[in-house]
Amino acid sequence: MDIKIIFPDKSERTFPAGVTAGEAIGAWKKDALASSVAAKVNGMSVDLSFSMKEDATLETIAISSKEGLSILRHSISHVMAQAVQDVFKGAKVAIGPSIEDGFYYDFEYSETFTLDDFEKIEKRMKEIVAADYPFVREEIPRPKAVELFAGRGESYKVELINDLPEDVTVVSLYKDGDYIELCRGPHIPSTGKIKAFKLLSVAGAYWRGDERNKMLQRIYGTGFADEQALADYLTLLEESKKRDHRRLGKELDLFQVNEEAGAGLVIFHPKGMLLRYLIEEWERKEHLKRGYDMVMGPQILKVDLWKKSGHFDHYRENMYFTEVDEQTYGIKPMNCLAHMLIYKSKIRSYRDLPLRYFELGTVHRHEKTGVLHGLLRVRQFTQDDAHILCRPDQLNSEIRAIADFVNYAMGIFGFEYEVELSTRPENSIGSDADWELATQALENALKDNNINYEVNEGDGAFYGPKIDFKLKDALKRKWQCATIQCDFTLPERFDLSYIGADGEKHRPVMLHRVILGAVERFMGVLIEHYAGAFPVWLSPTQCILLTVTDKHIPYAEKVQEQLLAAGIRSETYFDNEKLGYKIRQAQLQKIPYMLVIGDKEMDAGTVAPRARDGQNLGALPVDQFIALVQDMCEKKK
RNA sequence: GCCGAUGUAGCUCAGCUGGUAGAGCAACUGAUUCGUAAUCAGUAGGUCCCCGGUUCAAAUCCGGGCAUCGGCUCCA
């Protein structure tokens with residue numbers, strides 16, 4: 001097989017697959033020393049970096065590129081489907097795409113696949129790979145394809161073909177050996193090119209992602225260009241699991257989710273609560289700096305108010321209710337209502353706007369049991385919520401200010417994020433015109449600020465469209481944190497108004513927004529982000545005093561007094577253990593500084609800090625160490 | 001809510017086809033007083049997730065719950 005490369009200067013050359021990147025670059029330009037050579041290899045964008053991939057052949061490079069891997073994995077999913085159907089007669093295939101880190105294939109089968117079945121399937125897959133069947137593309141008329149798959153009992157494939165747009169008259173098939181599959185392609189040249197794959201898990205998944213449909217069995221797997229890359233990926237997966245916030249929450253004694261208390265209800269332990277307090281205090285200050293007013297509403301409000309807002313009609317299944325004295329109350333799932341009542345408490349002038357009401361508002365939502373997940377998806381959580389009531393002409397600048405706020409906050413914690421614009425869902429309230437206006441307002445603000453975003457059709461809140469900011473957890477699952485929602489409906493339902501310059505009543509617009517989202521969720525993502533090794537300003541324990549022997553305790557106690565007086569979060573560890581043991585324990589707790597106290601320190605009146613990364617800072621006078629920690633807190637390091 | 005797996009000491013886990021529970025770490029006690037990731041010895045610790053059933057006998061088998069994990073759907 002030959003491989004065509006388009007070099008950065010657009011020149012094209014063809015090489016045999018076994019040629020190395022170094023040789024290819026050399027042939028293109030003898031003196032190419034660039035650390036990155038962005039080229040197209042068989043149409044796929046690849047960094048033909050000379051230094052990094054010198055020894056890799058063009059074939060490996062082509063497969064290792066993002067597009068290449070996606071094609072490889074898609075081909076492996078075909079081989080898996082083929083193997084499953086060989087081993088388990090009567091299994092029906094649905095769809096099997098490549099995904100971010102691998103691939104899956106959905107099957108309908110009378111028996112449940114187990115992890116033990118993976119061995120059989122993988123064995124058959126290896127035989128198919130060894131046979132090195134070429135993937136052959138074939139195009140046939142649509143009716144013939146329906147006939148073909150109907151004849152094989154592949155009802156899902158028939159449904160897929162029938163749902164193609166009417167102008168599609170020909171469909172493509174891919175064959176490898178005597179196996180035929182409906183597929184758009186492309187595929188790798190032959191099954192023999194598959195060098196490394198592994199089946200990972202099996203799970204249920206609804207046909208076409210709709211819970212009204214039948215549930216199929218989905219087998220997940222992954223594949224790479226070579227065994228080493230696969231091994232590296234599996235190691236990475238193991239490493240990621242070590243930073244799972246549920247595991248770290250236990251190891252660092254931050255929180256628990258207790259079965260006796262109830263599913264999805266978090267209990268914060270002292271250190272977890274301290275971390276939470278630090279985040280919340282930072283947030284309050286940042287909000288005050290930005291012209292927000294702090295407010296607070298009640299946990300329960302009369303059910304009639306929820307009827308008025310539309311929550312009762314559209315959100316009831318997720319709400320908790322309580323009845324006292326023949327009066328039904330809704331436990332708030334959102335914080336907006338009290339804020340509406342604050343706005344309505346007096347007549348507002350156009351000069352008063354915008355009004356920005358901020359509340360660390362605790363809400364309860366009855367989430368389905370199957371979706372609960374550590375701190376990331378819970379039933380009681382606290383939003384850093386604000387409602388901004390403004391004039392329509394202020395909308396753009398308010399949205400811009402929020403986007404800046406989010407960007408600033410993410411920068412403080414070192415997060416990268418993705419932005420999505422979510423539009424009108426099926427179950428929604430409000431007029432078409434308002435939805436159009438609100439969606440435009442959000443979109444314009446994004447465009448004006450040159451923010452890259454993707455559109456997420458039909459994913460908005462029931463009362464308005466929204467801009468979502470998403471963070472990734474350790475296992476690359478995306479979680480929504482910040483969100484900005486534009487709402488014309490609630491001001492209408494509550495008949496909010498302000499007196500304009502013209503002396504007439506006007507309707508304000510409302511923005512719902514959160515910056516971190518839910519404090520619980522943000523903490524979960526944060527724990528994973530830092531792998532539990534929080535920056536000094538967020539560390540529940542900033543330093544720990546480790547004595548070498550018992551005779552150093554009195555001096556250490558004096559140092560501890562000084563540290564606490566200076567506001568440093570310091571712990572003591574005076575147990576009768578060797579220093580090495582205490583260092584190890586402190587290290588496992590990921591405490592930023594371990595202060596060793598022995599004869600030298602006692603005599604000189606110093607402390608000997610050892611940083612979490614293993615670095616020894618040498619002997620420091622206590623006040624100098626205090627200054628160091630305070631400086632790091634100041635700079636949010 | 002749906003599909004599947006799992007639930008044993010504070011933690012991580014072992015306990016084969018039913019015969020009445022075990023290890024390491026942690027805790028406690030004692031010895032040791034030690035300089036940058038685990039000192040030694042001993043002691044104590046369990047409604048085997050809960051409720052019911054089968055059985056002479058259930059951690060083990062069956063049924064029903066609850067919870068957790070991996071997904072799907074949904075969501076901050």
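All chains are named by letter (A, B, ...) in the order of the sequence lines, taking the proteins before the strands, and each is independently numbered beginning at 1.
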Can you give me every donor-acceptor pair (side chain of residues 214-221 of chain A, partner residue at least two apart or in another chain, under 3.5 Å) with its distance?
| from | atom 1 | to | atom 2 | distance (Å) |
| --- | --- | --- | --- | --- |
| A:Q217 | OE1 | A:F113 | N | 2.8 |
| A:Q217 | NE2 | A:E111 | O | 2.7 |
| A:R218 | NE | A:D106 | OD1 | 2.7 |
| A:R218 | NH1 | A:Y220 | OH | 3.4 |
| A:R218 | NH2 | A:D106 | OD2 | 3.0 |

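Contact between the side-chain N/O atoms of A:T369 and the OP1/OP2 oxygens of B:G1 is found at a separation under 4.0 Å. The phosphate of B:G70 has OP1 or OP2 within less than 4.0 Å of a side-chain N or O from A:R477.
Evaluation of the salt bridge (Lys or Arg N to Asp or Glu O under 4.0 Å) rule for A:E454 yields no partner, not counting sequence neighbours. Applying the side chain to side chain donor-acceptor pair (under 3.5 Å) rule to A:T572 yields no partners; only residues at least two apart in sequence or on another chain are considered. Under the side chain to side chain donor-acceptor pair (under 3.5 Å) criterion, A:D468 pairs with A:S422, A:Q480, A:T483, not counting sequence neighbours.
With hydrogens and angles ignored, no donor-acceptor pair under 3.5 angstrom links the side chain of A:Q217 to the base of B:G71.
In this entry B:U17 has no Watson-Crick or G-U wobble partner, no candidate having both defining distances under 3.5 Å. Across all strands shown, nothing is found opposite B:C48 as a Watson-Crick or G-U wobble partner with both distances under 3.5 Å. Look at B:C11: its Watson-Crick or wobble partner, with both distances under 3.5 angstrom, is B:G24. Pairing partner, B:C69: B:G4, with both Watson-Crick or wobble hydrogen-bond distances short of 3.5 Å. Across the strands present, B:A31 finds its partner in B:U39; the criterion is a Watson-Crick or G-U wobble pair with both atom distances under 3.5 angstrom.
A:Y206 places its OH atom 11 Å from the P atom of B:G4, with the value rounded to the nearest Å.
Along RNA chain B, the nucleotide closest to A:R246 and the one closest to A:K551 are compared, and the more 5′ of them pairs with A:K551.
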Might you list the N or O atoms of the protein lying below 3.5 Å from N or O atoms in nucleotides 39-46 of chain B, with each pair's distance?
none

What nitrogen or oxygen pairs link the protein and nucleotides 74-76 of chain B at under 3.5 Å?
| from | atom 1 | to | atom 2 | distance (Å) |
| --- | --- | --- | --- | --- |
| B:C74 | O2 | A:R377 | NH1 | 3.1 |
| B:C74 | O2 | A:R377 | NH2 | 2.5 |
| B:C74 | N3 | A:R377 | NH1 | 2.9 |
| B:C75 | O2 | A:R377 | NE | 3.3 |
| B:C75 | O2 | A:R377 | NH1 | 3.3 |
| B:C75 | O2 | A:R521 | NH2 | 3.3 |
| B:A76 | OP2 | A:K466 | NZ | 2.6 |
| B:A76 | O3' | A:Q480 | O | 3.1 |
| B:A76 | O3' | A:Q480 | NE2 | 2.7 |
| B:A76 | O2' | A:Q480 | O | 2.7 |
| B:A76 | O2' | A:R521 | NH1 | 3.2 |
| B:A76 | N6 | A:E367 | OE2 | 3.4 |
| B:A76 | N6 | A:V378 | O | 2.7 |
| B:A76 | N1 | A:V378 | N | 3.4 |

- request: Please step through side chain to side chain donor-acceptor pair (under 3.5 Å) for the pair A:S77 and A:H74, ending with a clear verdict.
  value: CA-CA 5 Å; A:S77 86; A:H74 183 198; 4.7 Å; no

